[in-house]
Number of protein chains: 2
Amino acid sequence: MAIGRSPQSSSQTPDQGAARRPSRARGIPEATVARLPLYLRALTALSERSVPTVSSEELAAAAGVNSAKLRKDFSYLGSYGTRGVGYDVEYLVYQISRELGLTQDWPVVIVGIGNLGHALANYGGFASRGFRVAALLDADPNVVGGSAAGLPVRHMDELESIVESQHVSIGVITTPPGAAQQVCDRLVEAGVTSILNFAPTVLTVPDGVDVRKVDLSIELQILAFHEQRKAGEEPDRTESVLDRAPGPVRAAAAKLRRAAGGNGKGRGTAETAAKDQAEQGKSGKGGDGDLPAVMPA
Amino acid sequence: MAIGRSPQSSSQTPDQGAARRPSRARGIPEATVARLPLYLRALTALSERSVPTVSSEELAAAAGVNSAKLRKDFSYLGSYGTRGVGYDVEYLVYQISRELGLTQDWPVVIVGIGNLGHALANYGGFASRGFRVAALLDADPNVVGGSAAGLPVRHMDELESIVESQHVSIGVITTPPGAAQQVCDRLVEAGVTSILNFAPTVLTVPDGVDVRKVDLSIELQILAFHEQRKAGEEPDRTESVLDRAPGPVRAAAAKLRRAAGGNGKGRGTAETAAKDQAEQGKSGKGGDGDLPAVMPA
DNA sequence: TAGATTGTTAATCGATTAACAATC
DNA sequence: TAGATTGTTAATCGATTAACAATC
């Protein structure tokens, strides 16, 4: 049975869709896995303040989620709480860390050492979570030989030997999009089985390789969508009857529009502070902060 | 009716959970909104190659999603295809751009100009999507006066005047976590209603303000979870009968473990290349690349 | 007309949530 | 014991997907 190639095993980012791989590994839902890091961060903060126990209500508030959801999430891990009392902070930190695989050492290579590669190399949240930067790699001779976060930037030629000798199983791609697939192929060939992709490209990988994607521009676009809704009902609405006309007519209309000037970009609407409290249903995301800075300010 | 404060209006990141705000704005599901940028990117790439039409099957492959899902997603926007033919690329680019609000200009401020702030300022994907960096702000006198991406770094003191005079409604926070809430408060007070948060903190905002969160460390943790599963059934399993013992006993056991050495960190398991093809269900995420590089390599 | 492909339906699946019995 | 809080159930909701009638 040949190793099939499939576009993207997993995914991430914005809301980033929802249910992916069943993650039957002991049956923990993917949505729960994605929240474990949030709980862990909140718990670590409590631990540092020497708080001994915490209730689901308190912890849920700190992590920005609903307490029923938190209890349900924890129930997949086991019965780690005490009725009438709550959860032992240290114990839960340990259990979640173990579940996430953070009680072991994960050497990571970062490929593409531009600003973002630098930012990631300096990101304190890595080391504190069991991740260790095994190497920084770049193809540009002007970058190779330099350093970031105290580590030397090495040439792409060393990729295979580093991955193999250091047993690297996680690779981070921060190259331009044109280089990403090629870098990905080399990482996979060398033995990497998990990839965090910052390049705006869909990566194709063999079965058994996980890809997660972070796309900065997508996040902003999703914000823009909601922002647009706040500022009145689409004030720059350019729609015309043509938009509902039969295909060929519409297509011609679209071409006319484009020929007439870009993609209809207009001023306006950033009438900021549209303070209408859109009664959008809330729902938490995010975690509580104990991690080192993303980067020095 | 006072403006209530609620933790995080929206969210993002890992898989980042799933259904959030109903986004009843014309009834487009949040999961669909999150995929529109992916389709847009794939379509833009086709447009640049002057491809006139595309079928749902082709476009879905390029965007890394299932074609039924894509057609369902498009059905929320309207009937923009032609049966037996497919979709007109230019027309669809226009419609999705309009739906996302990208046919207007969105001035953005970036607060916290470290490596990540620099990376974002240089991120080409912004300008090409209707986003314009109105200002770069930092609190550090050593950073203020410098420049990034050809723009001067200005002092935090100017935040309010810039937001107001330039009608900025979107703010990006790339500060250390300790400063994030304070920066967020000032942005909101000045009139910003959408925030993209890179600091590992849960931000509290009033109703009507959207927050999306990108957490680099969370992505890696989710990868580690799956990576751990690949390398055999939890090889460094430290669990003992104590883990199922009653609360107080377990708590004591946890403390013993911690006292005995960190959080149980162990070597091993990065037995890389665990080439078992875990038969995980696939599901696409990510988009096709036409965006400028995340950063220069 | 015949072939192709959309748009929609309906079934399925997974995630969220309130509520409450179990139990500390 | 009384109060508190977990862990689980069951209902609800939203997202995914295959299948196919509509229609170009």
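To find a chain, count down the sequence lines: A is the first, B the second, and so on, and within it residues start at 1. None of these values were measured; they are calculated from a predicted model.
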Tell me if the centroids of the rings in B:Tyr80 and B:Phe74 come within less than 6.0 Å of each other.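 Judged by ring-centre distance (under 6.0 Å), B:Tyr80 and B:Phe74 do not meet the cut-off.
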
Pair B:Tyr94, B:Glu90: side-chain N/O donor-acceptor within cut-off below 3.5 Å: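 Distance-only check fails for B:Tyr94 and B:Glu90.
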
For B:Gln221 and B:Ser217, does a side-chain donor sit closer than 3.5 Å to a side-chain acceptor? yes

When the distance from [atom1] of [X] to [atom2] of [N] is rounded to whole Å, what number comes out?
| X | N | atom1 | atom2 | answer |
| --- | --- | --- | --- | --- |
| A:Gln95 | D:dG7 | CD | P | 12 Å |
| A:Asp73 | C:dT17 | CG | C1' | 12 Å |
| A:Tyr91 | D:dT6 | OH | C1' | 15 Å |
| A:Tyr87 | D:dA4 | OH | P | 18 Å |
| B:Arg71 | D:dC20 | CZ | P | 13 Å |
| B:Tyr80 | C:dT8 | OH | P | 12 Å |

A:Lys213 with A:Glu219: basic N within carboxylate O range, under 4.0 Å: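 The answer is no: the pair does not qualify as a salt bridge.
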
May I have all residue pairs that pass ring pair (Phe, Tyr, Trp, His ring centres under 6.0 Å) and include part of residues 43-63 of chain B, sequence neighbours excluded?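 Those involving residues 43-63 of chain B do not exist here.
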
Describe the nucleic acid contact of A:Phe74 in one word from base, sugar-phosphate, nothing, applying a heavy-atom distance below 4.0 Å. nothing

Kindly give the heavy-atom pair with the smallest separation between A:Leu40 and A:Thr44, and that separation in Å. O-OG1, 2.6 Å

Taking for each residue the nucleotide of DNA chain D with the nearest heavy atom, is it B:Leu70 or A:Gly84 whose nucleotide lies nearer the 5' end? A:Gly84

Tell me which nucleotide among [options] gets nearest to the side chain of [X].
| X | options | value |
| --- | --- | --- |
| B:Asn66 | D:dT17, D:dT6, C:dT17 | D:dT17 |
| B:Pro29 | D:dA15, C:dT17, C:dT8 | D:dA15 |
| B:Lys69 | D:dT16, C:dA15, D:dG7 | D:dT16 |
| B:Ala68 | C:dA18, D:dA18, C:dT6 | D:dA18 |
| A:Lys72 | D:dA18, C:dT16, C:dA15 | C:dT16 |
| B:Arg35 | D:dG7, D:dT16, D:dT5 | D:dT16 |
| B:Ser75 | C:dT8, C:dT16, C:dT6 | C:dT8 |

Stems involving DNA chain C: give each as a range paired with a range, ordered by first number, where a stem means at least three consecutive Watson-Crick or G-U wobble pairs under 3.5 Å.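 DNA chain C stems, ordered by first number: C:3-24 with D:3-24.
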
What is the distance from atom OG1 of A:Thr103 to atom CD1 of A:Ile96, rounded to the nearest 0.5 Å?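 CD1 of A:Ile96 is found 13.0 Å from OG1 of A:Thr103.
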
Using a cut-off of less than 4.0 Å, is there contact between a side-chain N or O of B:Tyr76 and OP1 or OP2 of D:dG14? no

Taking only side-chain nitrogens and oxygens of B:Ser56, does any of them come within less than 4.0 Å of OP1 or OP2 of C:dT5?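 For C:dT5, OP1/OP2 do not have a side-chain N/O of B:Ser56 under 4.0 Å.
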
Taking donor-acceptor contacts at under 3.5 Å, does the side chain of A:Arg83 reach the base of D:dT6?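 Flag set: donor-acceptor pair detected.
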
Counterpart residues, side chain to side chain donor-acceptor pair (under 3.5 Å), relative to A:Thr53 (two or more places apart):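 For A:Thr53 there are no side chain to side chain donor-acceptor pair (under 3.5 Å) partners, ignoring immediate neighbours.
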
